[in-house]
Amino acid sequence: MAEKDKRVEAITAMDKDFAQWYTDVVLKAELIDHSAVKGCMILRPYGFAIWENIQKNLDALFKATGHENVAMPMFIPEGLLQKEKDHVEGFAPEVAWVTHGGSEPLAERLCIRPTSETLFCDHYAHIIQSHRDLPKLYNQWVSVVRWEKTTRPFLRSTEFYWQEGHTAHASKEEAMAETLRMLDVYADFYRDYLAIPVIKGQKTEKEKFAGAVSTYTVEAMMHDGKALQSATSHYFGDGFAKAFGIQFTDRNNTLQYVHQTSWGLSTRSIGAIIMTHGDDEGLVLPPRIAPIQVVIVPIAAHKPGVLDRAHAVQAELKPSLRVRLDESDKMPGWKFAEYEMKGVPLRLEMGPRDLENNQCVAVRRDTGEKRILSLDNLATSVMAMLDEIHENLLEKARISRDSRTYEASDYETFKDLIANQPGFVKAMWCGDEACEKKIKEDTTATSRCIPFEQTHVSDHCVCCGQPAEKMVIWGKAY
RNA sequence: CGAGGUGUAGCGCAGUUGGCUAGCGCGCCUGCUUUGGGAGCAGGAUGUCGGGGGUUCAAGUCCCUUCACCUCGACCA
């Protein structure tokens, strides 16, 4: 029991204090450390390795859809940021400024990019002349800075890593198709790599991106019932093109403005992983992005043959899996707890008893299930188990989300649900921003999205009672 | 940005009305013994008491200021 007590001490229970649980996990699983600057986190090797795996896999999906990576500067001259009115109004309150070069004041101050639309637009204006130059399908993997008042690791940090795709097209139809295509890429990525089910939908006018015609989102539900905007894709129409003069000559030799999109997914996705799959033992990582997919823990490693066999197994798995053999002199129980805290999907225990039987003991992180595996064709059975874990995580998350998704057709029910039942509430909305604002004032819930997959809850706006056709998902959000 | 809370060794904490060389547990280092759920014994190392300024014979302790972290709001693509 003493061992158990030590573990409980290590991480605050989710039910007791979810916020503290989250903080404990990000620090104790060694994902991040705090830096000297407020809200700026240090991504430690284990945390960064998760990000690298996200990058690697998502980038492959971008490449498969014809996108190219570029690198823009981190500075935006003030004049450039101000070219699109809505955009600058949206971002000005949270940009950081560089005012000096060495000891000399700059003639024009430079903002540290909060997002790079203006840089891409400026560049596009230079390089796009003909319809033959289109489409431009660019992406970059960088960090951006937004001077947020309240910060939390991964969820809202002052500086954060992300990718931002910026595309320019000859027609609005093509740009809209790109916007929705990339939203699909995000949704598929969340499902297939992070084992997180998301809801695709459109943001309301109030919630859309500064400067966009329309914003689309994938929304996920965290373990505490709160919503996390997990990635967004924006359709810009030709608004930025007109502000920045991005024109091309079409097939009929007439001058046209391009139609643009942008879309992004950030290190916030790691927050989503933590708060979707984690439990009281710590992190639970989906196998496809886990830095360590399999950890081999030798038992009684000093006994003849144990370590040799463990090394052989590691060598066998290494070509197809991210595998670690922990041959440190820590106690096995210590290692079990440690790798559970770090969310390693599968643990293989190998002791003298196993060697006699040409087997090992496989323990799943998600269910705790122990299974005896033959050392013959081990890579195959391990990979099958990792796939099972992925499917189970996805299914568990889906059930968890659906069981906390409610419907409300009248305002009293709505308010009661938001106040007392953490989760999503589906309710009809008339389309008036006033109702959205009132709901936020009354309940602190916001419209998460107008889901593509509509269900008919009632005929009337849940807030004002006017006829309503759109079903909106509401919830408290990070 | 508003309200509240917290900063003492890597982590968790104690430190009395201001008073001696700032402590405890875990961890860490060395050695031996151990190894199927966070090992045991012996020895050892580790501190700008978050930073700066002030009061005082004397400050971890009191005052001012500043930075960071946490909670709840406001803000938030």
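Here is how names work: the chains are called A, B, and so on, in the same order as the sequence lines, proteins then strands, and each is numbered from 1.
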Check the phosphate of B:C69 against A:Arg152, side-chain N and O only, distance under 4.0 Å to OP1 or OP2. Yes or no?
no
Within 45° of the six-membered ring axis of A:Trp162 and under 6.0 Å from that ring's centre, is NZ or CZ of A:Arg146 located there?
yes
Sorted by position of nearest nucleotide on RNA chain B, 5' first, the leading residue of A:Trp334 and A:Thr444 is A:Trp334
Any donor-acceptor pair under 3.5 Å joining the side chain of A:Thr215 to the base of B:A77?
no
With both distances under 3.5 Å as the test, what is the Watson-Crick or G-U wobble partner of B:U6?
B:A68
Span that lies between the C1' atom of B:C57 and that of B:C20, in whole angstrom
14 Å
Hey, does the side-chain of A:Thr150 have a donor or acceptor N/O within less than 3.5 Å of a partner on the base of B:G73?
yes
Both distances below 3.5 Å, Watson-Crick or wobble geometry, any strand: find the nucleotide opposite B:G18.
none
Using whole Å, what does the distance between atom P of nucleotide B:A68 and atom NZ of A:Lys38 come to?
7 Å
When rounded to the nearest Å, what value does the distance between C1' atoms of B:G18 and B:U61 take?
6 Å
Counting just side-chain N and O atoms, does A:Lys330 come under 4.0 Å of either OP1 or OP2 of B:C28?
yes
Please tell me which of A:Val361 and A:Ser35 maps to the more 5' nucleotide of RNA chain B, matching each residue to the nucleotide holding its nearest heavy atom.
A:Val361
Can you tell me, in whole Å, how much space there is between the C1' of B:G53 and that of B:A74?
33 Å
Which of A:His234, A:Lys203, A:Gln229, A:Lys208 passes side-chain hydrogen bond (donor to acceptor under 3.5 Å, both in side chains) with A:Thr215? Answer is A:His234
For A:Asp224 and A:Tyr478, test the side chains for any donor-to-acceptor distance below 3.5 angstrom and give the result as yes or no.
yes
Could you tell me which nucleotide pairs with B:U55 by Watson-Crick or G-U wobble geometry, both distances under 3.5 Å, or answer none if nothing does?
none
Please measure how far the C1' atom in B:A42 lies from the corresponding atom in B:U55, and state the result in whole Å.
49 Å
Heavy-atom count check: over 12 atoms from other residues, nucleotides or ligands less than 6.0 Å from A:Phe244 CZ?
yes
Check the distance between B:G37's P and A:Met341's CE and give it to me in whole angstrom.
18 Å
Separation of the C1' atoms in B:G44 and B:G60, to the nearest angstrom
27 Å
Distance-only donor-acceptor test (3.5 Å): side chain A:Glu340, base B:G37:
yes
